Amino acid sequence: MINQQSNERCSNAHQRGLFWFRHDLRLHDNAAISALCKSVSEVTFVYIIDDKNFTPNVFGIAPMGEHRQRFLKQTLVDLKHQLKKLGHDLLVLKGNPAACLVDLLKSGQFSHLGVSKHCGFDETAQLNTVKRFFDTLTVIETSTFGLFDAQTLPFSIENMPDVFSPFRRKVEKYCQPLSVHPVIESLPAFFVPKFDPSFLFNLDVDLPEPSATSFVGGETAALSHLNTYLYDWQAAASYKETRNALDTWQDSTKLSAWLANGSLSPREVVRQVQRFEETVEKNESTYWIYFELLWREFFHWLQCKYGAKWFRFSGIQGKTPSTKHCPETFARWCEGKTGYPIVDACMRQLAETGYMSNRGRQLVASCFVHELRQDWRYGAAWFENQLVDYDVGSNWGNWLYLAGVGSDPRGHRQFNLQKQTETYDPTGQFRNKWL
């Protein structure tokens with residue numbers, strides 16, 4: 001073993017790696033970091049904030065609003081603290097991600113690029129752009145985002161089911177989540193690269209202590225909340241019965257924001273839930289947490305299958321909806337002034353907090369598409385701007401689903417708003433709080 005380690009150090013002596021953080025902002029269960037570090041003697045860590053996040057898109061909406069900005073900055077500050085403990089730093093840049101990476105790589109400072117594989121359309125395009133610039137660069141891509149990787153799925157991406165239920169049945173029958181990778185406790189030497197200082201980004205945010213009842217960005221807060229939810233509150237034992245509550249912190253896991261930017265690993269969630277089942281209680285509710293993670297997994301791989309169709313008006317089914325965009329109607333929906341009290345309460349909650357329950361999201365999306373007859377893509381774009389837990393697969397996948405151009409086999413998922421109000425806000429407590 002000693003000779004093998006010595007040989008590895010010798011073979012890596014002149015190798016230098018750049019690790020590009022994206023949706024994997026953590027040191028626990030991060031096989032992508034380990035994969036790169038096995039091949040290099042020096043390493044630099046970088047995160048690039050995309051300029052496009054702050055520029056209005058084709059829908060006239062900047063993709064990243066204030067809630068997600070703050071959460072991301074907190075996450076990056078926490079990651080810098082974690083890396084500092086290992087003698088490293090995180091280089092945070094802002095600009096066009098591909099251009100920033102090309103600037104870092106073009107001088108020959110690095111022989112290797114490490115990155116977590118991601119199925120998002122933009123994420124894939126950015127990495128492909130970088131690859132085209134460098135013939136001799138060794139790119140090491142490793143799956144860290146989901147429970148599985150493409151090789152462990154029981155079907156090819158091209159042949160995966162377009163509907164969740166057959167996807168779930170096959171995955172549950174033939175797959176086990178990938179094992180959790182050990183926490184990163186040591187790293188190769190820290191390399192300080194030369195770069196264009198105009199790309200440097202200042203993280204002008206304080207990092208509060210992890211909170212039991214609010215979103216604080218970062219791996220530290222993520223693991224703290226997971227432990228609190230499972231072992232202090234033991235709320236997993238009743239998750240299925242309470243998860244549709246509109247405004248109670250403990251009634252759903254609230255893990256989605258940390259999962260979205262990768263400061264929490266879904267495989268670690270499964271591992272901890274299994275430990276909870278072994279030591280506290282195992283029931284349908286604890287299974288249902290895994291069930292919801294499978295929905296996340298489904299949308300992640302489905303976007304890989306369909307690429308740019310994920311964002312088209314006709315969706316992955318190629319059907320043109322009989323809806324259109326009306327700026328005035330859209331503005332009233334965004335402001336919580338539609339005249340549908342349950343919808344307006346949810347939209348005002350979103351504007352103030354950056355969060356809305358899953359049940360609330362279904363109601364406001366159904367109203368947007370069916371009652372208001374609006375182009376679903378504007379609703380998806382608004383959620384992208386507002387949600388602290390925005391994830392490209394889950395957000396656009398769910399909107400495709402509600403609009404009848406996605407993975408829903410029924411094709412017309414309309415909710416009765418009056419009945420939903422009576423079921424989920426019978427006393428009016430939620431409406432009174434937000435209206």
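When reading the values below, keep in mind they use all heavy atoms of this one structure, side chains included, and skip hydrogens, waters and symmetry mates. On a predicted model such as this, the values are computed, not experimentally measured, just so you know.
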Backbone of [Y] reached by a side-chain donor or acceptor of [X] within 3.5 Å:
{"X": "Gln386", "Y": "Arg68", "answer": "no"}
{"X": "His225", "Y": "Thr253", "answer": "yes"}
{"X": "Thr248", "Y": "Gln250", "answer": "no"}

Dump the intermediate steps for salt bridge (Lys or Arg N to Asp or Glu O under 4.0 Å) on Arg243 and Glu292, then the final yes or no.
-> CA-CA 11 Å; Arg243 64 192 175 91; Glu292 296 293 354; 3.2 Å; yes
Carboxylate-amine/guanidinium proximity below 4.0 Å for Lys131 and Glu141 =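 A salt bridge is present here (some side-chain N lies under 4.0 Å from a carboxylate O).
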Is it true that Lys94 and Asp51 make a salt bridge, defined as a side-chain N closer than 4.0 Å to a carboxylate O?
->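 The answer is yes: the pair qualifies as a salt bridge.
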Would you please classify the geometry between the [Y] ring and the [X] ring as parallel, tilted or perpendicular, with 30° and 60° separating the classes?
{"X": "Tyr287", "Y": "Phe291", "value": "tilted"}
{"X": "Trp295", "Y": "Phe298", "value": "perpendicular"}
{"X": "Phe145", "Y": "His23", "value": "perpendicular"}

Decide if the gap between the ring center of [X] and the ring center of [Y] is smaller than 6.0 angstrom.
{"X": "Phe215", "Y": "Trp249", "result": "yes"}
{"X": "Trp396", "Y": "Trp376", "result": "yes"}
{"X": "His28", "Y": "His181", "result": "no"}
{"X": "Phe167", "Y": "Phe155", "result": "yes"}

Does atom CZ of Phe121 have more than 12 heavy-atom neighbours, drawn from other residues, nucleotides or ligands, at distances under 6.0 Å?
->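 Incorrect, the count does not exceed 12.
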Check the surroundings of atom NZ in Lys305: do more than 12 heavy atoms from other residues, nucleotides or ligands lie under 6.0 Å from it?
->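 Yes.
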I need the [X] [atom1] to [Y] [atom2] distance, nearest 0.5 Å.
{"X": "Asn261", "Y": "Leu72", "atom1": "CG", "atom2": "CG", "answer": "6.5 Å"}
{"X": "Gln272", "Y": "Leu226", "atom1": "CD", "atom2": "CG", "answer": "5.5 Å"}
{"X": "Asn53", "Y": "Met64", "atom1": "CG", "atom2": "CE", "answer": "4.0 Å"}

Could you walk me through whether Phe19 and Asp24 pass the side-chain contact (heavy atoms from CB on, under 4.5 Å) test, one step at a time?
-> CA-CA 11 Å; Phe19 187 82; Asp24 55 348; 3.4 Å; yes
Pair Gln82-Thr220, side-chain hydrogen bond (donor to acceptor under 3.5 Å, both in side chains): steps then yes or no = CA-CA 9 Å; Gln82 303 308 314; Thr220 302; 3.1 Å; yes
In this structure, which one of Phe383, Tyr378, Trp382 forms a ring pair (Phe, Tyr, Trp, His ring centres under 6.0 Å) with Phe59?
->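 That would be Tyr378; it is the only one of Phe383, Tyr378, Trp382 passing the ring pair (Phe, Tyr, Trp, His ring centres under 6.0 Å) with Phe59.
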May I ask you to check if Arg361 and Tyr355 form a cation-pi contact, with NZ or CZ under 6.0 angstrom from the six-membered ring centre and within 45° of the axis?
->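 Verdict for Tyr355: a cation-pi partner in Arg361.
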Face-on cation placement of Arg22 at Trp20 ring, 6.0 Å and 45° thresholds |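 Yes, Arg22 and Trp20 form such a contact.
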In sequence, state the C-alpha distance, the side-chain angles, and the governing distance for Gln234 and Phe276, and then conclude on side-chain contact (heavy atoms from CB on, under 4.5 Å).
-> CA-CA 9 Å; Gln234 298 189 359; Phe276 178 88; 4.1 Å; yes
Going through the distances and angles, do Lys80 and Asp89 end up as a salt bridge (Lys or Arg N to Asp or Glu O under 4.0 Å)?
-> CA-CA 6 Å; Lys80 283 175 75 75; Asp89 194 10; 2.9 Å; yes
Working for salt bridge (Lys or Arg N to Asp or Glu O under 4.0 Å), residues Arg431 and Asp425 | CA-CA 8 Å; Arg431 282 165 289 162; Asp425 190 32; 2.6 Å; yes
